[in-house]
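The next block holds one structure in the form of structure tokens; read it before the comments.
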Amino acid sequence: MTHLIAVLPGDGIGPEIVEQAQRVLTALDLDLAFETEPVGGAAYAKHGHPLPPTTLELAKRAKAILFGAVGDFQYDSLARELRPEQAILGLRKALGLFANLRPAILYPELANASSLKPEIVSGLDIVIVRELTGDIYFGSPRGVRSAPDGPFAGEREGFDTMRYAETEVRRIARIGFETARKRNRKLCSVDKANVLETSQFWRDIVIDVARDYPDVELSHMYVDNAAMQLVRAPRQFDVIVTGNLFGDILSDEAAMLTGSIGMLPSASLNEAGQGLYEPSHGSAPDIAGQNLANPLATILSASMLLRYSLDLGEAADRIENAVKRVLAEGLRTADIHEPGTTRVGTQEMGDAVLRALKKD
Ligand code: NAD
């Protein structure tokens, strides 16, 4: 069966890095078909909208989306609904992408890039599964009102509502367990069940879902402790599953453990296993078109695409091993370059990954 991949390069360094990732996918000789459409500022320039109907239609039809990045200063003065970044929100909504997976991997060769001691982070390999469409970010009621009770009754107060429906918790818990199954079979659910009703409910549902996954070891941790453990002993984790608010914070904390923004892939999935795969960084307009961008986050996003949307784990392993090999050979783009290593450009890094794949 041929799998259709929607290629949405976007703006800034997007086209350069996506080109390298597409070369790597093509070299694996899998049954993939690629179709490309503009997105973000590039789509606005061509069609007058950051997510035009042709792009959205392709994204819906495809099994997975390989996404570069969107955004450029030249579009900053556009009305909010026409800004490039709206394309990502539009895709999330249209495809129901409720699960965000962000791995934080620290290759031993890059251990010096972290602000933590190398012996604490070297070899780190965790995934944070964050619920993306619910929680206090979207709960209603919300707003500013006159406080109805309490010591400040009658004063103006701001308020939001934290809420999770059972279906929302069940489906993100399943993604957490399934992700753990594809890795080291350890899942840590992070909540604040000692204080929040929503969190106690979350924990009860996660424990219930765990009955379908007896092969995965489940643990629970309060979010304050998780924030500490991530900097104290991050290698204790395999997969963390958590809600939107806690995941927002913990996934950025985990990303910083690695210190290299050009190395971090991400995936956003829906219930049908369709996914959007993109690097965690932005469109880096400051270095666009100069063969300076690190394509590895996008190449690793392509590897996640194979693993999570196409269930081609072995092919994904091949990409990840090739990336490890080029790092071991001492090749580095400017963002991760250190004395004693060889500096290469975007294109040359792509070439090196292709060579490493062939040696596999
Ligand atoms: P950015 O991530 O684009 O860049 C931050 C810094 O990191 C820059 O110095 C950049 O040169 C560097 N950098 C980023 N990716 C790199 C790579 N692959 N290789 C080497 N260096 C890299 O963040 P920003 O500068 O705050 O935002 C620039 C634009 O990107 C804005 O328009 C913003 O809205 C957009 N943005 C888009 C996304 C997305 O598409 N998902 C995410 C974040 C920001």
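Each ligand, and each atom within it, is numbered from 1 in the order the structure gives.
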Quick one: nearest non-hydrogen protein atom to atom 9 (O) of ligand 1, plus distance? D286 OD2, 3.1 Å
Is the number of heavy atoms from other residues, nucleotides or ligands within 6.0 Å of CD (E197) greater than 12? no
Under a 3.5 Å distance rule, please check whether R181 uses its side chain to pair with a backbone N or O of V216 as donor and acceptor. no
For ligand 1, which is the ligand I care about here, please tell me if A69 has any N or O atom under 3.5 Å from one of the ligand's N or O atoms. no
Can you find a non-hydrogen atom of A297 under 4.0 Å from ligand 1? no
Out of all atoms in ligand 1, which are within 4.0 Å of some heavy atom of A293? Include the element for each. 19 (N)
So, for atom 30 (O) of ligand 1, does the protein have a heavy atom nearer than 4.0 Å? yes
Enumerate the atoms of ligand 1 whose separation from the nearest heavy atom of E278 is less than 4.0 angstrom. 41 (N)
Could you identify the single nearest non-hydrogen protein atom to atom 17 (C) of ligand 1 and state the distance to 0.1 Å? N294 N, 3.7 Å
Protein heavy-atom partner closest to atom 37 (C) of ligand 1 - residue, atom, separation in Å: V70 O, 3.0 Å
Heavy-atom check, side chain of V326 versus side chain of V344, under 4.5 Å: no
Does any non-hydrogen side-chain atom of K46 lie less than 4.5 Å from one of E37? no
I'd like to know if L245 and Y222 are part of one continuous hydrophobic network [Ile/Leu/Val/Met/Phe/Trp/Tyr, side-chain heavy atoms within less than 4.5 Å]. no
Side chain or backbone, does S280 bring an N or O within less than 3.5 Å of an N or O on ligand 1? no
Of the choices G282, A288, P285, which has the non-hydrogen atom that lies closest to atom 44 (C) of ligand 1? G282
Under 4.0 Å from atom 26 (O) of ligand 1, can you find at least one protein heavy atom? no
List the residues meeting ring-ring contact (aromatic ring centres under 6.0 Å, His included) with Y164, not counting sequence neighbours, and say none if there are none. W202
Taking only heavy atoms of I88 into account, list the atoms of ligand 1 that are under 4.0 Å away from them. 39 (C), 40 (O), 41 (N)
So, E329 and R355, do they make that salt bridge, N to O below 4.0 Å? no
Please could you name the atoms of ligand 1 that D72 approaches to less than 4.0 Å, counting only its heavy atoms? 32 (O)
Counting only heavy atoms on the protein side, is anything nearer than 4.0 Å to atom 39 (C) of ligand 1? yes
Side chain, backbone, both or neither: I13 near ligand 1, heavy atoms under 4.0 Å: side chain
How close do R142 and Y137 get, counting heavy atoms only, and between which atoms? NH1-O, 2.8 Å
Take atom 6 (C) of ligand 1 and look for protein heavy atoms under 4.0 Å from it; say yes if you find one, no if not. no
CG-CZ distance between L296 and R332, expressed to the nearest 0.5 angstrom: 9.5 Å
Please enumerate all residues that pass side-chain contact (heavy atoms from CB on, under 4.5 Å) together with S309, with sequence neighbours excluded. A64, L269, Y277
So which protein heavy atom does atom 3 (O) of ligand 1 come closest to, and at what separation? A284 N, 2.8 Å
Chi angles and distances behind the side chain to side chain contact (heavy atoms under 4.5 Å, CB included) call for L32, T26: CA-CA 8 Å; L32 307 178; T26 306; over 6 Å; no
Could you check whether E157 pairs with R145 (Lys NZ or Arg NE/NH1/NH2 to Asp/Glu carboxylate O, under 4.0 Å)? yes
Any non-hydrogen protein atom below 4.0 Å of atom 34 (O) of ligand 1? yes
Could you tell me whether some N/O pair between I287 and ligand 1 is separated by less than 3.5 angstrom? no
